[in-house]
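All remarks here apply to the structure that follows.
Residue numbers start from 1 in every chain, and the chains themselves are labelled A, B, ... in the order their sequence lines are given, proteins ahead of strands. None of the values given here were measured: they were computed from a predicted structure.
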Number of protein chains: 2
Amino acid sequence: MKRPTLEVVAARAGVSKSSVSRVVNGETTVAPQIREVVLRAVRELGYVPNAAARNLVTRRTDAVAVVVADPPQGVVSDDPLFSTVVRAVSRELEAAGKQVVLMLAESDRSRARVEAYVAGGHVDGVMLVALHGTDPLPAALARTGMPMASFNRTSAPDVPYAGVDNTGGAALAVRHLLERGRRRIAAITGPLDLFEARERLEGYREALRGSGRRSIVALGDFTRASGAEAMRQLLEDDPALDAVFASNDLMAIGALRTLREAGRRVPEDVAVVGFDDIEAAAYTAPALTSVRSPMADQAIATVHLLLGLIEGGPSSPVVIPNELVIREST
Amino acid sequence: MKRPTLEVVAARAGVSKSSVSRVVNGETTVAPQIREVVLRAVRELGYVPNAAARNLVTRRTDAVAVVVADPPQGVVSDDPLFSTVVRAVSRELEAAGKQVVLMLAESDRSRARVEAYVAGGHVDGVMLVALHGTDPLPAALARTGMPMASFNRTSAPDVPYAGVDNTGGAALAVRHLLERGRRRIAAITGPLDLFEARERLEGYREALRGSGRRSIVALGDFTRASGAEAMRQLLEDDPALDAVFASNDLMAIGALRTLREAGRRVPEDVAVVGFDDIEAAAYTAPALTSVRSPMADQAIATVHLLLGLIEGGPSSPVVIPNELVIREST
DNA sequence: TCCTCGCCAGAGAGCGCTCCCCGAGCGGCT
DNA sequence: AGCCGCTCGGGGAGCGCTCTCTGGCGAGGA
């Protein structure tokens with residue numbers, strides 16, 4: 001089953017290849033009756049342009065690589081971040097007529113693969129998601145000169161990004177706990193090679209600084225399991241704590257579980273705040289207070305950043321504001 | 001910044017284009033010293049083959065479309081299914097040297113886009129995810145003759161798929177509830193145009209049939225919110241119920257919330273079983289008993305089905321077995 | 001009436017690659 | 001020694017498209 005080519009369509013319509021090409025590409029300098037007859041031929045033959053041939057000569061691919069980079073153990077694997085972001089990004093890129101080439105950069109091998117692919121000019125631009133702060137990939141990709149934008153800040157300073165106000169959001173959460181009269185407020189932080197994690201921790205410290213309260217920090221990796229484990233450690237270190245700020249909701253969910261097992265009532269004994277306001281936050285028992293940072297908006301902003309860059313426009317980081325959603329856990 | 005071509009590499013290495021092509025494509029009929037000198041030239045120039053040119057002549061694209069089809073309201077949007085499946089699929093396809101082109105088929109427009117894209121021969125095969133039973137897309141795509149495999153069964157009978165034993169799994173869950181001595185066992189079903197939902201409901205009915213118990217069914221759409229709502233309705237319809245089987249974990253989580261609000265203790269007053277055993281199931285309060293159906297395995301099986309098909313091999317549906325994971329909720 | 005200008009269709013040269021085919025070279029057999 | 005056959009490198013056509021350039025033709029001005 002061979003697909004018709006431009007030439008076949010031209011023959012059918014009784015015009016030249018050039019004219020068919022012009023019509024197909026929507027150029028205006030075509031007489032109406034020619035356009036008409038060409039369009040009919042296209043329809044009758046079910047003609048679809050061969051993208052490979054077109055790319056070969058135009059040097060455009062109409063494709064964008066969406067690179068999702070996190071370690072194999074999958075810090076974000078079951079994270080709503082992945083689905084939310086990838087979906088929002090796809091939808092937006094498709095609306096802009098771009099194909100989405102999804103690439104996972106987990107191992108060193110796949111990183112090299114991504115780099116070669118991008119350097120090979122198979123895409124018009126690159127969209128980065130979920131990068132470790134120490135990951136060399138963004139810098140390597142930036143060196144190819146390919147237009148690029150990142151969901152959240154990365155280690156490469158010149159890669160434009162859309163991010164949320166992590167520091168401000170964390171401070172918001174902690175101040176809320178202080179207002180509720182909590183005195184010993186612990187934090188569960190994410191992996192500190194991630195900018196989000198560092199900034200959220202900074203916001204926690206900042207808010208606490210003014211209050212004269214001591215900071216108590218346990219390290220997690222943004223997964224539920226790590227949140228549960230960190231909570232166990234916090235309870236051991238300071239049994240008198242009466243509040244916890246978790247750097248993301250998944251860890252907050254893990255913390256809730258540990259608290260329940262330890263017989264602590266939430267929020268009576270210990271108040272809990274999360275970050276991200278994922279959908280699951282409204283379904284925990286008790287429902288989780290969380291800092292809402294609209295990931296979909298952030299994803300869309302990143303896409304627009306990238307599209308602007310591809311068009312040759314300028315780019316400046318975008319910061320998405322966030323707000324506190326108060327539920328039962330505080 | 002222009003990339004080097006085959007010809008440039010050939011000149012540098014002092015051999016013909018043909019030889020370079022052979023080396024690059026790993027053909028064996030090349031003398032070692034030629035291979036050596038070519039490889040060095042490739043390295044020195046940073047040569048990367050132009051995929052467009054290659055595709056143009058070989059008619060292979062080394063790309064696979066992963067089509068995720070669900071309505072815009074996003075039945076699976078926050079569903080771990082999306083991230084788990086898309087990740088597993090990507091990883092497996094990348095290992096096989098295929099590019100992953102992610103396409104969402106939500107609106108009619110995007111469905112048409114997918115169809116045109118596939119018909120246009122831009123990919124070597126199609127992988128279908130999350131399709132409604134009544135969706136005309138699988139049949140339309142099947143008509144293009146493109147190799148295709150589906151994650152879960154679809155309405156098009158001749159599309160090979162990898163699925164789980166939905167009927168058996170549901171029956172497993174319900175029999176477990178019966179063994180626990182439950183007498184009024186309700187079900188929350190998913191949207192009935194999905195095969196999974198229909199089959200799981202069938203399993204519920206089948207297991208109940210032998211026991212002389214009545215079935216009580218409420219309709220959900222696989223989201224948490226719908227599970228919560230369905231549970232409210234079930235409590236209203238039959239306040240004496242003492243167990244619920246939810247067709248997926250997300251709805252079970254919603255149901256748990258409603259039960260908590262209604263002051264019913266789980267599992268003392270009402271036992272709850274879910275389906276899928278997503279990671280969150282271990283973190284609900286109380287932790288959720290669920291039918292484990294390894295989605296990643298299923299995704300991988302689907303990929304292998306597709307790859308086999310692309311290679312021209314035969315194909316027969318694969319059914320992944322499942323097991324019951326018993327936790328606190330029953 | 002003739003020339004110029006503008007507009008629009010057609011011709012054709014590549015884009016970078018693969019792959020068929022040819023021919024050179026060499027070893028083994030008669 | 002001559003011939004056959006086999007291995008392996010090179011030449012070059014052609015994949016389907018775009019885009020520049022050319023050419024034809026009608027309109028308008030001198």
Tell me: [atom1] of [X] to [atom2] of [N], nearest whole Å?
{"X": "A:Arg60", "N": "D:dT18", "atom1": "CZ", "atom2": "P", "answer": "9 Å"}
{"X": "B:Asp62", "N": "C:dC17", "atom1": "CG", "atom2": "P", "answer": "15 Å"}
{"X": "A:Leu6", "N": "C:dG12", "atom1": "CG", "atom2": "C1'", "answer": "14 Å"}
{"X": "A:Glu7", "N": "D:dC15", "atom1": "CD", "atom2": "C1'", "answer": "12 Å"}

What nitrogen or oxygen pairs link the protein and nucleotides 6-8 of chain C at under 3.5 Å?
none

Indicate yes or no for a side-chain donor-acceptor contact from B:Ser107 to the backbone of B:Ser110 under 3.5 Å, with no hydrogens or angles considered. yes
Just wondering, do [Y] and [X] contact through their side chains at under 4.5 Å, heavy atoms?
{"X": "A:Glu106", "Y": "B:Arg87", "result": "yes"}
{"X": "A:Val123", "Y": "A:Val64", "result": "no"}
{"X": "B:Leu306", "Y": "B:Glu92", "result": "no"}
{"X": "B:Val129", "Y": "B:Phe82", "result": "no"}
{"X": "B:Leu309", "Y": "B:Met148", "result": "no"}
{"X": "B:Val15", "Y": "B:Arg22", "result": "no"}

Rounded to the nearest 0.5 Å, what separates atom CG in A:Asn55 from atom CG in A:Asn50? 8.5 Å
From CA spacing to verdict: side chain to side chain contact (heavy atoms under 4.5 Å, CB included), B:Lys98, B:Leu307: CA-CA 10 Å; B:Lys98 299 282 183 191; B:Leu307 292 175; 4.2 Å; yes
Would one find a side-chain N or O of B:Arg59 under 4.0 angstrom from OP1 or OP2 of D:dG16? yes
Out of A:Asn152, A:Ile320, A:Leu81, which residue meets the side chain to side chain contact (heavy atoms under 4.5 Å, CB included) rule with A:Met295? A:Leu81
Testing B:Leu93, B:Val66, B:Val89, B:Val100 for side chain to side chain contact (heavy atoms under 4.5 Å, CB included) with A:Leu102, which one passes? B:Val100
Using the side chain to side chain donor-acceptor pair (under 3.5 Å) rule, collect all pairs that involve residues 30-41 of chain B, keeping only residues at least two apart or in two chains. none
Give me the residues of residues 37-58 of chain A where at least one heavy atom lies under 4.0 Å from an atom of DNA chain D, by number, or none. A:Tyr47, A:Pro49, A:Asn50, A:Ala53, A:Arg54, A:Leu56, A:Val57, A:Thr58
Could you pull out all residues at least two apart from B:Tyr117 that satisfy ring pair (Phe, Tyr, Trp, His ring centres under 6.0 Å)? B:His122
Using five pairs at each end of the helix from C:dT1-D:dA30 to C:dT30-D:dA1 to define an axis, what is the angle between those two axes, to 10°? 60°
Contact list please: residues 9-24 of chain B against DNA chain C, heavy atoms, distance less than 4.0 Å, in numerical order. B:Lys17, B:Ser18, B:Ser21
